[in-house]
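None of these values were measured; they are calculated from a predicted model. In the text below, chain A, chain B and the rest are named by the order of the sequence lines, each starting its count at 1.
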Amino acid sequence: MSNQKPSLPKGTRDFAPKVVHKRNYLIKVIRNVFEKFGFQPLETPTMENLSVLTGKYGDEGDQLIFKVLNSGDYLSKANSNLAEITSHQLTPQIADKGLRYDLTVPFARFVVMNRNEITFPFRRYQIQPVWRADRPQKGRYREFMQCDADVVGTRSLLCEAEIIMMLNEIMSALGIEGYEIVVNSRKILTGMATYLGHPGEESALCVAIDKLDKIGTDGVFKELKEIGYKKLELNKLEPIIELTGSNKNKLAKLREIFGTNAPAQAGLVELEAMFSFVENMKGILETVTFDPSLARGLSYYTGIIFEVKMKDGSIGSISGGGRYDNLTGVFGLPDVSGVGISLGIDRVYDVMETRNLFPEDITSTTKVLITNFGKNEEAYALEQLNILRSNGVAAELYPDAAKLKKQMSYANNLNIPFVILIGSDEVANKNLTLKNMNTGEQSTLSISEVVKKLAQNK
RNA sequence: GUGGUCGUAGUUCAGUUGGUUAGAACGUCUGAUUGUGGUUCAGAAGGUCGUGGGUUCGAGUCCCAUCUUCCACCCCA
């Protein structure tokens, strides 16, 4: 057998122990906030039937779904002449499953399938990996973890307000500053398209104005011209996307501008209501920016939409979400409104890592290492090890009677905060030498004193 | 999916117009120190130069293909 070089599929990664510790910390903080807001955990399968996934993310989204080849002699069951069809046409004949593309659609599927068991309104959070056959870039992977929280079965804008509260709380719990929660409403975008003389064409409008940050007003206008916008219409758009001032100011000005435009006015009213809910909860609004040019988000959003981004622009958005009125409709359950957000923890991780925001003590699970001096001390050491563990102190004994230097560097490299030395003196005196690896302090103690110290030091 | 880019030790990178034995730093291991890690000093190990072809007397260096990385577009966490 020839030697084969091991490799990973494009856009996937291993996570070494120290990285997993940090990711777990991140997930723990986010989960705690989700649960504090009353969300319940849900998990769904890695694979969904392709019929569940396709058609939910637009044509381009469908291309990005990883398909799972059918088992068995799948070709004989495909009833086409291979030479005569495109790969695109062949796919549905040889694959009927696909990898989860996001967490929202599987959630919608779950809600429909379990509608009789679920008590509405249903708040659930879900933290699982998703897969996209995208071309990788920095902060873009083919396998990545999403943290979603959604509420379905209510149209109350209180839910939108709580999402703002949650996002603020997650960011402050992680110690991340310099972020911005950008909000807008799909209804404003719909109204805007009509106002500009292009009713029903808001998706083309969205694609263009969403790039405002990147290509500027001139760039956006150039793109819009290419899809048929006239000078006069662009003149009407300009004051809208160049609005400045406080959120309240922008909302007030837009109410004037849009006049009797019903969808736009409805969107503005909703945003005002959301802001006032946040104020009543004593929430923070300084981090929230209303931006009528925010247009991102999947096609299923129908109300208020959110995006969290870093002000320094160091990475793409770290969270996105919004309200959707009819996600379950395609599965036969109409009129269930929901609102949710999705956090990309790989991106949050990158932000935390570059800013050094991870606490130092999270990269070790072991609290104390007992050094191994050899046969004579072994029985006593094992006894102490057992006592530590049965008192809930994460402890390990170095497995070989290696040089102390080696054992100490082992503890040092793994960030184990304490080391217990058990040599002939300790065995004879029935005590332990405990060394604090951070301060270098060392003291002779009884096992009960050590347990007390390490248990409280949690 | 379109266009470009990168790949040399575990890691980050040098490597001249193609020329003998491919270097450094950090990390690792050993010793200075047989009961003490982080600092210091001495030494050692570690490479099919991403992979496969080609040009050449000779390729890390040039050409082609392929994989990977990163970037722009598209889209998105």
Considering only atom P, compute the distance from B:G60 to B:A22 and round it to an integer number of Å. 10 Å

*asked:* Looking at A:Asp59, I want to see if its CG is surrounded by more than 12 non-hydrogen atoms of other residues, nucleotides or ligands under 6.0 Å.
replied: no

(Q) Taking the C1' atom in each of B:G1 and B:G46, what is the distance between them to the nearest angstrom? (A) 42 Å

Rounded to whole Å, the CZ-P distance (A:Arg135 to B:C71) equals 13 Å

Taking the ring of A:Tyr349 and the ring of A:Phe358, is the distance between their centroids below 6.0 Å? yes

Please give the distance between the C1' atoms of B:U11 and B:G53 as a whole number of Å. 31 Å

**Report entry** Check: A:Thr302/A:Arg323 side-chain N/O donor and acceptor closer than 3.5 Å
**Finding:** no

Whole-Å distance, A:Leu414 CG to B:G27 P, equals 17 Å

* Would you tell me whether A:Ser319 and A:Glu307 have side-chain atoms, one donor and one acceptor, within less than 3.5 Å of each other? => no

Note to self: Rounding to an integer number of angstrom, what distance separates B:U28 and B:G47 when you compare their C1' atoms?
What the structure shows: 16 Å

note: A:Asp14, atom CG; B:G10, atom C1'; distance rounded to Å ~ 15 Å

When A:Val308 and A:Glu223 are each assigned the nearest nucleotide of RNA chain B, the 5'-most assignment goes to A:Glu223

Applying a 4.0 Å non-hydrogen cut-off, can you work out what A:Lys309 is touching in the nucleic acid: base, sugar-phosphate, or nothing? nothing

Rounded to whole angstrom, note down the C1' distance from B:U5 over to B:C67.
15 Å

Integer angstrom distance from the C1' of B:A42 to that of B:U33: 14 Å

_What contact category does A:Glu60 fall into here, base, sugar-phosphate, or nothing, at under 4.0 angstrom with non-hydrogen atoms?_
sugar-phosphate

To the nearest angstrom, the CG-C1' distance between A:Leu8 and B:U51 comes to 16 Å

| message | If you count every heavy atom of other residues, nucleotides or ligands that lies below 6.0 Å from A:Glu226 atom CD, does the total exceed 12? | response | yes

Of the candidates B:A77, B:C74, B:C71, the side chain of A:Arg132 sits closest to B:A77

When rounded to whole Å, the CD to C1' distance for the pair A:Gln137 and B:U5 reads 12 Å

Does the salt bridge (Lys or Arg N to Asp or Glu O under 4.0 Å) test come out yes or no for A:Glu143 and A:Arg132, once each step is laid out? CA-CA 7 Å; A:Glu143 176 181 58; A:Arg132 294 185 189 175; over 6 Å; no

Would you say that A:Leu434 contacts A:Leu432 through its side chain, given a criterion of any heavy-atom pair below 4.5 Å between the two side chains? no

Of the candidates B:C73, B:A77, B:C75, the side chain of A:Val207 sits closest to B:C75

Q: Report yes if the distance between the aromatic ring centroids of A:Phe34 and A:Tyr125 is under 6.0 Å, otherwise no.
A: yes

Reading nucleotides 35-44 of chain B from 5' to 3' and marking B where a protein heavy atom lies under 4.0 Å of the base, S where only the sugar-phosphate is that close, and - otherwise, the string is BBBB------

inquiry  = Within the structure provided, determine whether A:Arg124 and A:Phe39 are in side-chain contact (heavy-atom separation under 4.5 Å).
reply    = no

Q) When the C1' atoms of B:G54 and B:U61 are considered, how many whole Å apart are they? A) 15 Å

Integer angstrom distance from the C1' of B:U66 to that of B:G27:
32 Å

Notebook entry, point to check: Which part of the nucleic acid, if any, lies within reach of A:Gly11 when heavy atoms closer than 4.0 Å are counted: base, sugar-phosphate only, or nothing?
Noted result: sugar-phosphate

query = Do A:Asp361 and A:Lys367 pass the salt bridge (Lys or Arg N to Asp or Glu O under 4.0 Å) test, and can you show the C-alpha distance, the side-chain angles, and the key distance before you say yes or no?
reply = CA-CA 10 Å; A:Asp361 58 355; A:Lys367 193 85 198 171; over 6 Å; no

Per-residue pairing states of RNA chain B in dot-bracket (Watson-Crick or G-U under 3.5 Å; . unpaired, | other strand) read ((((..(..((((.....[...)))).(((((.......))))).....(((((..]....))))))..))))....

